[in-house]
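All residue numbers in this chain count up from 1 along the given sequence. Quick caveat, the model's predicted, so the values are computed rather than measured.
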Amino acid sequence: MAIQKLETAKKEVHLPSESMFSNTMVDEEEERTYVTGLLKDNVSETQKGKVIQRKKTGQKLSICNKICYAVGGAPYQITGCAIGFFLQIYLLDVAQLDPFSASIILFVGRAWDALTDPIVGFFVTKSQWTRVGRLLPWIVFSTPFAVACYCLMWYVPEISTGKVFWYLVFYCFFQTLMTCFHVPYSALTMFISTDQTERDSATAYRMTVEVLGTVLGTAVQGQIVGRTNAPCIPTPDELLNSSTTQEVNVELYHTSLADTRKAYMIAAAAITGIYVICAAVLYFGVREQKDFSSSHSGKPVSFFQGLKMVMTHGPYIKLILAFLFTSLAFMLLEGNFALFCSYTLGFRNDFQNVLLVIMITATLTIPLWQWFLMKFGKKTAVYVGISFAIPFLILIVVLESNLILTYIIAAAAGASVANAFLLPWSMLPDVVDDFKLKNQGSPGHEAIFYSFYVFFTKFASGISLGISTLSLHFAGYRTRGCSQPKEVDLTLSMLVSPAPIVLILLGLFLFKLYPIDEQIRKKNKKALEDLRESEPGSETESTEHGSIV
């Protein structure tokens, strides 16, 4: 009787015959347990419950996963912050290049950096899946070379000619290697989880760490370098003034130019050490997942066909144009703020502390903006957060120079900086999801979305930095001057207040045209969840298959 029940159970669940069992490596004890379980009436419900539970928790990310993922974003922000705030003043006052040569380096370097993003995005798209994933190998192999180029970029070579070529080469090399790190890392957002809520949560962790990275970059670079400011050179008129002469002499002999150059190298070594640690945490702490829905959704198209599809996707174009102007506003402010504090406001020995206050406030307000966007929606968060900076940008140039007031304005403006960091990377995955739903037969374009978003931002920022440095050249900027002509002060004031405000207003206007609001976002989320459940290679079916086999 027992034998008949056993045979019946095998037929009902399509068990292999005894001869097939003899050819497998299945343990006899496991076979008896398995068959005994099949004879129980409630086994299907138990398995079904396990499948449902796995489905609910399969895409969840632990706090440790999110932190490790977030730490990977710090190198880009630490180095980018140090370059953005200090490279211009370094080239002018420490490397002692003229403003025209510095503008060439800044423009060509940023333009080259922008061009490498789609190129790297193309090769990332063509990368084959490896044991550790498709994106993580790019991050690992680019790190040591990027570290070397970064250090050489802050070194002043003992050559009379060729300094422009030196800085241009290593600046371009570093930006290329940084792109090989950042484009795969940005696209990794779509492969740490298929759950939209989990991705948004991981993005909030990432933005918090990235803004903390800007604090770290500002603190390390600013505090080390700020203690050894390059000595200024007085004009003949300043030397004739006895009161000025004493002040200038104190400043001239307070430190030497050699000490300042050494300080920049120490700061570069400290930053590259943090870079390596963060890359290691990302590699060992994050597991890259395959996109099962993409692998079964159709035949992949070529890169250029995919590029055409991406660049004609309406929500993507409107989003990148809007963030293009708002990002330019903050980049223009970032690139000129150190010079503005040093010369226009007269805080030559305190500008690094003002920058640090901005970044600390930005870090502390990231969780607030994450709560705000979850409560009121992402578009509302953009309107409120980015426009919050406008009154403080006006105050910084209208009110009389005062150090305490400058710290207060910097702290308030930092909240808007946090919003500008968080929202682009939080909204971009929504656009990718919208594209996937409308182009279900064309998978694998995530790297294109991220690389071209960075491309447009970097290229425009290169133009803005080049133009701003050229503006200083035509205004009569004096390298290592203890003071600057009034035309330079006026130019710096225009570059940190009216110009960013105009760009912010243009960006906010374009956000009105962005179509993905909270209602559409939730609708897309539900549609993608239904699509993944119906795919033959989805995680749910894989779990069901595993529970049976």
Inset, instruction - Step by step, work out the ring-ring contact (aromatic ring centres under 6.0 Å, His included) result for Phe376 and Phe372. - result: CA-CA 6 Å; Phe376 300 102; Phe372 190 93; 4.8 Å; yes

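- Aromatic ring centres of Tyr76 and Tyr185: separated by at least 6.0 Å.
- Inter-residue side-chain proximity for Val71 and Leu282 is flagged as unmet; no heavy-atom pair is nearer than 4.5 Å.
- You'll find the side chain of Val488 reaches within 4.5 Å of the side chain of Leu472, heavy atoms only.
- When all heavy atoms of Leu152 and Trp166 are compared, the pair lying nearest together is O-NE1, 3.1 Å.
- Taking 4.5 Å as the limit, some side-chain heavy atom of Trp154 sits within range of a side-chain heavy atom of Leu87.
- Within 6.0 Å of atom CE in Met265, more than 12 heavy atoms from other residues, nucleotides or ligands are found, so the atom counts as buried in its surroundings.
- In this structure, Phe323 has its ring center under 6.0 Å from that of Phe511.
- For the residue pair Thr491 / Ser471, no side-chain donor-acceptor distance below 3.5 Å is found, with atom types taken as modelled.
- In this structure, the side chains of Thr79 and Phe174 come closer than 4.5 Å at one or more pairs of heavy atoms.
- You'll find the side chain of Leu505 reaches within 4.5 Å of the side chain of Ile390, heavy atoms only.
- Between Tyr167 and Tyr171, the ring centre distance reaches or exceeds 6.0 Å.
- Between Trp138 and Val124 the shortest side-chain heavy-atom distance falls below 4.5 Å.
- By the 6.0 Å contact criterion, CD1 on Ile159 is enclosed, its count of non-hydrogen atoms from other residues, nucleotides or ligands being greater than 12.
- The aromatic ring centres of Phe392 and Phe388 sit less than 6.0 Å apart.
- Taking the six-membered ring wherever Trp is involved, the centroid distance between the rings of Tyr275 and Tyr150 does not fall below 6.0 Å.
- A heavy-atom distance below 4.5 Å is not found between the side chains of Pro500 and Phe330.
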